[in-house]
Peer 1: 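For reference, the structure I am asking about is given below.
Below, each value reflects all heavy atoms present in this structure, side chains not excepted, and no hydrogens, waters or symmetry copies. Numbers for residues simply follow the sequence, beginning at 1.
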Amino acid sequence: MTPADLRAWQARMGLTTRSAPGALGVGRTAYQSWLSGATAPSRVVALACAALEAGLPDAQSFCASRK
């Protein structure tokens, strides 16, 4: 997942840079690092984004448990 992909997901979900990390169950520092391209999100995060977008309710808890 590229920074552009993450920004597009965030926009589609109607989330802000403050609310998106909470939706994924990750910290703001990690999320900002992904947006800047300093680090890449794991495949788990990409899958959690897809799951949340598909409406699966437990996606956040899965991502948070993988920290």
Side-chain angles (χ1 to χ4, degrees):
M1 175 171 256
T2 67
D5 294 335
L6 191 57
R7 287 184 191 281
W9 169 81
Q10 180 183 312
R12 286 191 306 272
M13 295 295 293
L15 299 169
T16 66
T17 54
R18 285 185 158 288
S19 63
L24 291 169
V26 300
R28 275 192 243 164
T29 302
Y31 191 77
Q32 289 294 341
S33 180
W34 302 335
L35 286 178
S36 72
T39 60
S42 69
R43 289 183 181 146
V44 170
V45 173
L47 288 170
C49 288
L52 285 168
E53 194 165 3
L56 298 175
D58 294 333
Q60 178 188 21
S61 62
F62 178 75
C63 193
S65 71
R66 305 290 285 187
K67 284 184 182 179

Peer 1: Give me each pair satisfying side-chain hydrogen bond (donor to acceptor under 3.5 Å, both in side chains) with a member in residues 1-10, each pair once, sequence neighbours excluded.
Peer 2: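 Checked against side-chain hydrogen bond (donor to acceptor under 3.5 Å, both in side chains) - neighbours excluded - the pairs reaching residues 1-10 are T2-D5, Q10-Y31.
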Peer 1: Can you name the side chain to side chain donor-acceptor pair (under 3.5 Å) partners of T16, sequence neighbours left out?
Peer 2: S19
Peer 1: List the atom pairs, donor and acceptor, that lie under 3.5 Å between side-chain atoms in residues 38-57 and the rest of the protein, sequence neighbours left out.
Peer 2:
unit_1: T39; atom_1: OG1; unit_2: S33; atom_2: OG; d: 2.6
unit_1: S42; atom_1: OG; unit_2: V44; atom_2: N; d: 3.3
unit_1: S42; atom_1: OG; unit_2: V45; atom_2: N; d: 3.4
unit_1: E53; atom_1: OE1; unit_2: R12; atom_2: NE; d: 3.4
unit_1: E53; atom_1: OE1; unit_2: R12; atom_2: NH2; d: 3.1
unit_1: E53; atom_1: OE2; unit_2: R12; atom_2: NE; d: 2.6

Peer 1: For residues 15-29, pull every pair meeting salt bridge (Lys or Arg N to Asp or Glu O under 4.0 Å), keeping only residues two or more places apart or in separate chains.
Peer 2: none
